[in-house]
Novice: 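Let me begin by handing over the structure; questions about it come next.
Keep in mind it's a predicted model, so treat the numbers as computed, not measured. Heavy atoms only: backbone and side chains are in, while hydrogens, waters and symmetry mates are out. Proteins get letters first, then strands, A, B, ... in listed order; numbering begins at 1 in each.
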2 protein chains.
Amino acid sequence: MDLETLDGMQKPASRRRGERTRTIPEQIADHVSNAIVNGEYRGDERIREQELATLYGVSRGPVREAIRTLQERGLVNFFPRRGAYVVNITLDTIVDVFNVRAALMGLAARDLARRKEMPFLADLRAGIADAKALAKTKGTTPQHFARGIARLGGLVAERCGNHHLSRLLRDQLNHTLWGVIWRDRPLDFFTPRRQHAAVREWEAIATTIEAGEEKSAELLMRRVFFTARDAAIGALQQTRSERVSRAGMIKD
Amino acid sequence: MDLETLDGMQKPASRRRGERTRTIPEQIADHVSNAIVNGEYRGDERIREQELATLYGVSRGPVREAIRTLQERGLVNFFPRRGAYVVNITLDTIVDVFNVRAALMGLAARDLARRKEMPFLADLRAGIADAKALAKTKGTTPQHFARGIARLGGLVAERCGNHHLSRLLRDQLNHTLWGVIWRDRPLDFFTPRRQHAAVREWEAIATTIEAGEEKSAELLMRRVFFTARDAAIGALQQTRSERVSRAGMIKD
DNA sequence: CTATTGTCAATTGTCAACAATTGTACAAAC
DNA sequence: GTTTGTACAATTGTTGACAATTGACAATAG
């Protein structure tokens, strides 16, 4: 991999207000996560503790913790006494991950529709308005808009009221997707036309949540992810010369 | 907590065929997991590394890893530099966990229905047959039958073909549920009558999977978990003097 | 020529000491 | 009486050394 060092790594001195200092293992985990999803490791490549330790200028202890985090995120396979190996991210993997997230986000939407809490709804509407504004602005890049949409997803995940669900959506499978979306950048997908479509989809979701229509909220939320999945796969199939082996994909 | 020591802890010497030796952190994590779900820790109780280390006769290193595992399993909250605290398992938590599992298992059923693989279907049918036999036998305890049913769930989780999904179902939220089910033993629920009902439900699931009816498979699978959820909550509400604060529960 | 066993280097697992941080108790100041 | 500041003990974070295991390869036996 690229042997740059972690210059941006904050020592516990400066921390912004209310913001917990990120631990060394966290920083290493994030850095390596990015490296993995950016394709700086080959699939099945082995990760050696001592290597990372000298790279980041720490001992093997923190590195071990970081590697555990990578395992939790599904970015490496870890075998006791045999080491950690970077996962091979195939198109099938991406389909799988999208499907899981669709299912979980569907449940989150459902919980929100059941509870209809005002503070959340206000924030959601505000977020959607932001995205709408982005869509109307001329110079908005697909990437910029994608970030706005991702914030909406994050909002739903955080505030769904099911603590376990929030945790899963935060920790699990998130990095894989972002990596894919940014690395091979299939999300030139977000043409102005599709930006408006996405905004409409989210407005529909907000409406069903406000109305307490659980079933619809779940369905619409899932559909958003299925759309994203198909777009990502479609784009990636052109970049890579790889096919999805799955016998078809979930529709709704 | 109970200060018994880990006598059953295998040193790397003896291992059964094909069975990887369980690492020390794994063994500690499992032992403490059981202790937590068996109620040997109070909610919000702090876990000190050195305490566990001396308890199990190891240094703090392996204990730290075990604690991380507990965190992954959702059994402790961990705050950097402040320690690990046992989660407080409320009825709301249990509802949440069941809901997440229902969503994930629904997806698993769906994937299986799409792929209709013979080896799996054979195993599933065999497992159902076993459960049916149990239900027909006179002396079957609710607990014994519950284990049989749990095996079916495990089968679906393992073989769904979505690696990430399998991992989540294996590692996440599993221990919490089993603990609840066994500790406060609400699953006297499985009266002979309900045993037969459960078998019928699973037969229906198998049928829809064989027929490739994705949507139905998902729905039926979810329903099984919702039923289990309601049964567990109902039973626990009698044992504990606690109410579910959720404004109703998902039906299907 | 194949299979088994033995050695060896590379790597992960564990340990005990040390460093850094946190919460607390108590004192000082307003 | 409340707030602010400060030492202190308890606890977590990190380190470097050592132990144990693995996989590869060579030597040996069948």
Side-chain angles (χ1 to χ4, degrees), chain A residues 1 5-6 9-32 41 44-72 75-87, chain B residues 1 5-6 9-32 41 44-72 75-87:
Chain A
M1 80 165 270
T5 180
L6 254 200
M9 231 165 89
Q10 304 193 28
K11 290 296 172 191
S14 71
R15 80 176 102 168
R16 271 177 290 176
R17 186 179 133 51
E19 200 170 310
R20 183 172 59 69
T21 54
R22 300 176 62 233
T23 64
I24 294 173
E26 270 175 334
Q27 295 180 57
I28 296 176
D30 287 347
H31 199 253
V32 178
Y41 290 90
D44 295 327
E45 182 172 344
R46 183 174 186 177
I47 289 185
R48 289 184 187 74
E49 296 179 359
Q50 188 57 56
E51 236 170 63
L52 291 185
T54 54
L55 174 59
Y56 294 121
V58 295
S59 72
R60 279 173 48 226
V63 169
R64 277 178 76 84
E65 297 221 345
I67 288 179
R68 271 203 80 105
T69 303
L70 296 180
Q71 190 199 14
E72 287 169 48
L75 292 173
V76 305
N77 290 320
F78 182 86
F79 308 96
R81 298 204 170 77
R82 312 212 295 103
Y85 295 81
V86 176
V87 296
Chain B
M1 81 165 269
T5 183
L6 254 199
M9 233 165 87
Q10 304 192 28
K11 290 294 174 193
S14 72
R15 83 175 100 169
R16 270 177 289 177
R17 187 179 130 50
E19 197 170 315
R20 183 172 59 70
T21 54
R22 301 176 63 233
T23 64
I24 293 173
E26 271 176 335
Q27 297 179 57
I28 295 177
D30 288 347
H31 199 252
V32 179
Y41 289 92
D44 296 326
E45 184 173 343
R46 183 174 186 178
I47 290 186
R48 290 183 187 75
E49 296 179 358
Q50 187 57 56
E51 236 170 62
L52 290 185
T54 54
L55 174 60
Y56 294 122
V58 296
S59 75
R60 281 172 47 224
V63 169
R64 276 179 76 83
E65 298 221 345
I67 288 179
R68 270 202 80 105
T69 303
L70 296 179
Q71 190 198 12
E72 287 168 49
L75 292 173
V76 305
N77 291 319
F78 182 84
F79 308 96
R81 299 201 168 81
R82 311 212 297 103
Y85 295 80
V86 176
V87 297

Novice: Of all residues at least two apart in sequence or in a different chain, which pass the salt bridge (charged side-chain N to carboxylate O under 4.0 Å, His left out) check with B/R46?
Specialist: none
Novice: Specify the separation, in whole Å, of atom CD of B/Q50 and atom P of C/dA17.
Specialist: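 Taking CD of B/Q50 and P of C/dA17, I get 11 Å after rounding.
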Novice: Provide, to the nearest angstrom, the distance between the CD atom belonging to A/E26 and the P atom belonging to D/dG13.
Specialist: 11 Å
Novice: Figure out the CD1/C1' separation between A/I67 and C/dT12, and round it to whole Å.
Specialist: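 Atom CD1 in A/I67 sits about 10 Å away from atom C1' in C/dT12.
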Novice: Rounding to a whole Å, what distance do you find between B/E65:CD and C/dT12:P?
Specialist: 13 Å
Novice: Compare all side-chain heavy atoms of B/I28 with those of B/V58 and state whether any distance is below 4.5 angstrom.
Specialist: yes
Novice: Roughly, in whole Å, what's the span from CZ in A/R64 to P in D/dG13?
Specialist: 16 Å
Novice: What is the nucleic acid contact for A/G61, judged by heavy atoms within less than 4.0 Å: base, sugar-phosphate only, or nothing?
Specialist: base
Novice: Over the length of the helix from C/dC1-D/dG30 to C/dC30-D/dG1, how much do the five-pair end axes diverge, rounded to 10 degrees?
Specialist: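 Roughly 20°, once rounded to the nearest ten degrees.
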Novice: Expressed as a whole number of angstroms, how long is the span from B/I24:CD1 to D/dA19:P?
Specialist: 16 Å
Novice: Are side-chain heavy atoms of B/Y56 and B/Q27 found at a separation under 4.5 Å?
Specialist: no
Novice: Of the nucleotides C/dT12, D/dT14, C/dT22, which one has an atom closest to the side chain of A/R60?
Specialist: C/dT12
Novice: How long is the span from the OG1 atom in B/T54 to the CZ atom in B/R48, to the nearest 0.5 Å?
Specialist: 11.5 Å
Novice: For the residue pair B/R68 and A/T69, establish whether any side-chain heavy-atom pair is separated by less than 4.5 Å.
Specialist: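 Yes; the side chains approach each other to less than 4.5 Å.
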Novice: Using side-chain heavy atoms (C-beta onward) and a distance below 4.5 Å, is B/V86 in contact with B/L75?
Specialist: no
Novice: Do A/R81 side-chain and D/dG23 base share a donor-acceptor contact under 3.5 Å?
Specialist: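 There is none.
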Novice: Look at A/R48 and C/dT12 and indicate whether a side-chain polar atom (N or O) is within less than 4.0 Å of OP1 or OP2.
Specialist: no
Novice: Closer than 4.0 Å, any side-chain N/O of B/R82 to the OP1 or OP2 of C/dT22?
Specialist: no
Novice: Knowing that exactly one of A/E49, A/E51, A/E65 qualifies, which makes a salt bridge (charged side-chain N to carboxylate O under 4.0 Å, His left out) with A/R60?
Specialist: A/E49
Novice: Rounded to the nearest Å, what distance is computed from the CZ atom of residue B/R22 to the P atom of nucleotide C/dG13?
Specialist: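 Taking atom P of C/dG13 as the reference, CZ of B/R22 is at 16 Å.
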Novice: Which nucleotide, D/dT12, D/dT14, D/dG13, lies nearest any side-chain atom of B/P80?
Specialist: D/dG13
Novice: To the nearest Å, give me how far apart OH (B/Y56) and P (C/dT14) are.
Specialist: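 One finds 15 Å between P of C/dT14 and OH of B/Y56, rounded.
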